[in-house]
Amino acid sequence: MSDQLDVGDSRADAARRSRLLTVKLRALMGDRGHDPEAFTFVDVATGTLAHDGAGRGWALIDGDATGRLGGVLARAHKAGVATLDVVADDGGDVLARRVAETSLDVTVHRSAGRDLVAVDAAPVVAPVDPEPAALDAAAPLTELGVDVVVEHGVVTGEIAGLEIARVVADDAGGGYRLESGVGRYDREASTMLDAVRDPGEALTSVVATVRLHRHGDARPHVLNRLARERWLRAAVLAEPGLVDAADLAPVEGSRARDNLIDPFPAAAMGVDGDGRGVVVVCSVGVDPELVPEGADVRHRAETLGWVGPDADLVLVVPPRDHYPLTDALAGALRRPARIVELDGPWPS
């Protein structure tokens, strides 16, 4: 009964929040000479969108807007919006940077009371390099043939794109230690058992278990359903010719992923046979952030000098996940992106 009440309360809170967002957006629009009654208001992911059916739209994003441009653009595209004003008080600068990679007529603002202030694009920030001691702590992964991946200063170990270990700061003993497990909760449980077992044996056990399920001939299992976009990236890294590249290496996205469950584009970078830069971004399932993320990763790589200004952007998806919306958003980029369909290496 309590679970049912919690779900009901959550839905009621979401409905109230949606109404508040709509009221705020109506007020902001009205202050700028728009008649809210002439607009249709619809919910989008953590926000609201208003459109007049004649190509004019407004959107208000609630909370961190960093990775929510694709969802807003998808709903705006469906409504036929050609000119869009977006209000985002948190992460709007990243949205502005992503919008700049498109040819769309989108303006990003933040609100200051009932005033709106144009948001400047966030600058590109260089990656954080891990300390040498953190890389040293990952040595057991290399010995077991596990891929060592560094993203946003965090050192992890992956098998076919699935994180099975992570290097963390050792607050008690100083320095760094390697925690094994699939995801944070599995690592925490494994760490609790380290007092009564050899951590090396625990790591070996995790590696063996994941390898048992993380290949194309395995039976369906939770371990081959997680992080499939990273599994797809791992396949492309192993065979760059699949995307007409000569050499590729993993590269971090514009922000750190939140967990192993929600879709999050996985990126790589390298060169083609002619030495031209290539940025590859892989996605699985319905992910409207694929195109904005891909364009942002290419922009970042160019700004930091990793690839030249003529770098190719390749978006990789399984055939069943190649949606018309992806083509529409890719077609709206200032510079084209190439979409490649690849069957996933996981069990069918």
Side-chain angles (χ1 to χ4, degrees), residues 21 24-25 28 44-49 57-77 81 83-112 115-128 150-154 229 250-259 262-269 279-283 286-307 309 311 313 315 325-326 329-330 332-335 337:
L21 293 174
K24 179 177 179 178
L25 184 57
L28 291 172
V44 295
T46 61
T48 187
L49 172 75
W58 282 79
L60 174 62
I61 299 178
D62 186 29
D64 185 5
T66 302
R68 293 172 182 164
L69 177 62
V72 171
L73 292 182
R75 192 64 183 83
H77 173 75
V81 173
T83 302
L84 178 66
D85 284 273
V86 179
V87 182
D89 294 338
D90 184 5
D93 55 347
V94 176
L95 251 66
R97 187 179 70 207
R98 293 186 171 206
V99 165
E101 291 301 302
T102 76
S103 57
L104 301 172
D105 185 5
V106 180
T107 304
V108 182
H109 315 265
R110 64 176 175 83
S111 62
D115 292 330
L116 290 182
V117 180
V119 176
D120 294 328
V124 169
V125 179
V128 177
V150 179
E151 293 184 0
H152 299 280
V154 179
E229 65 279 356
V251 63
E252 65 185 35
S254 60
R255 59 192 177 93
R257 56 180 173 156
D258 297 324
N259 53 60
D262 295 329
F264 196 98
M269 179 184 64
V279 174
V280 179
V281 183
C282 302
S283 180
V286 181
D287 187 1
E289 296 305 320
L290 169 60
V291 175
E293 174 72 9
D296 201 23
V297 171
R298 176 172 61 180
H299 170 70
R300 182 169 185 256
E302 291 175 348
T303 302
L304 294 174
W306 296 342
V307 297
L313 174 59
L315 307 175
L325 176 63
T326 304
L329 294 180
L333 294 176
R334 290 192 297 106
R335 293 174 295 163

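Along the sequence shown, residues are numbered consecutively beginning with 1.
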Output the distance between atom CD (Glu302) and atom CG (Leu313), rounded to the nearest 0.5 Å.
-> 9.5 Å

Which residue pairs satisfy the salt bridge (Lys or Arg N to Asp or Glu O under 4.0 Å) criterion with at least one member in residues 289-299, sequence neighbours excluded?
-> Arg97-Asp296, Arg98-Glu289, Arg98-Glu293, Arg98-Asp296

Using atom types as modelled and distance alone, determine if a side-chain donor or acceptor of Arg334 lies under 3.5 Å from a backbone N or O of Ala100.
-> yes

Side-chain donor/acceptor of Asp89 to backbone N/O of Ser111, under 3.5 Å | yes

Between Leu49 and Leu84 the two heavy atoms that sit nearest each other are CD1-CD1, 3.9 Å

For Gly294 against Val281, the heavy-atom pair lying closest together | CA-CG2, 3.6 Å

Value for CD1 (Ile61) from CG (Leu69), rounded to nearest 0.5 Å, stands at 7.0 Å

Mind listing the closest non-hydrogen atom pair of Gly91 and Thr66 along with its distance?
-> CA-OG1, 4.0 Å

Is it the case that more than 12 heavy atoms not belonging to Arg257 sit under 6.0 Å from its CZ atom?
-> yes

Atom pair OG (Ser283) and CD (Glu229), whose distance is rounded to the nearest 0.5 Å | 6.5 Å

How long is the gap from CG on Leu73 to CG on Leu329, to the nearest 0.5 Å?
-> 6.0 Å

Show the numbers, then the answer: is there a side-chain contact (heavy atoms from CB on, under 4.5 Å) between Val307 and Met269?
-> CA-CA 8 Å; Val307 297; Met269 179 184 64; 3.7 Å; yes

Scanning both residues in full, the closest heavy-atom pair of Trp58 with Leu116 reads CZ3-CD1, 3.7 Å

Side-chain heavy-atom pair Val279, Trp306 within 4.5 angstrom cut-off = no

First locate atom NE2 of His299, then atom CG of Leu333, and finally report the distance between them rounded to the nearest 0.5 Å.
-> 13.0 Å

Any chance you could measure Asp287, atom CG, to Thr326, atom OG1, to the nearest 0.5 Å?
-> 8.5 Å

Of the non-hydrogen atoms in Pro288 and Gly71, which two are nearest, and what is the gap between them?
-> CB-N, 3.9 Å

For Gly253, does its backbone N or O pair with a side-chain atom of His152 as donor and acceptor, under 3.5 Å?
-> yes

Any side-chain heavy atom of Val286 sitting closer than 4.5 Å to one from Pro263?
-> no

Test item: side-chain donor near acceptor, Thr48 and Lys24, under 3.5 Å | no

Which atoms form the tightest heavy-atom contact between Leu315 and Ala337, and what is the distance?
-> CD1-CB, 4.0 Å

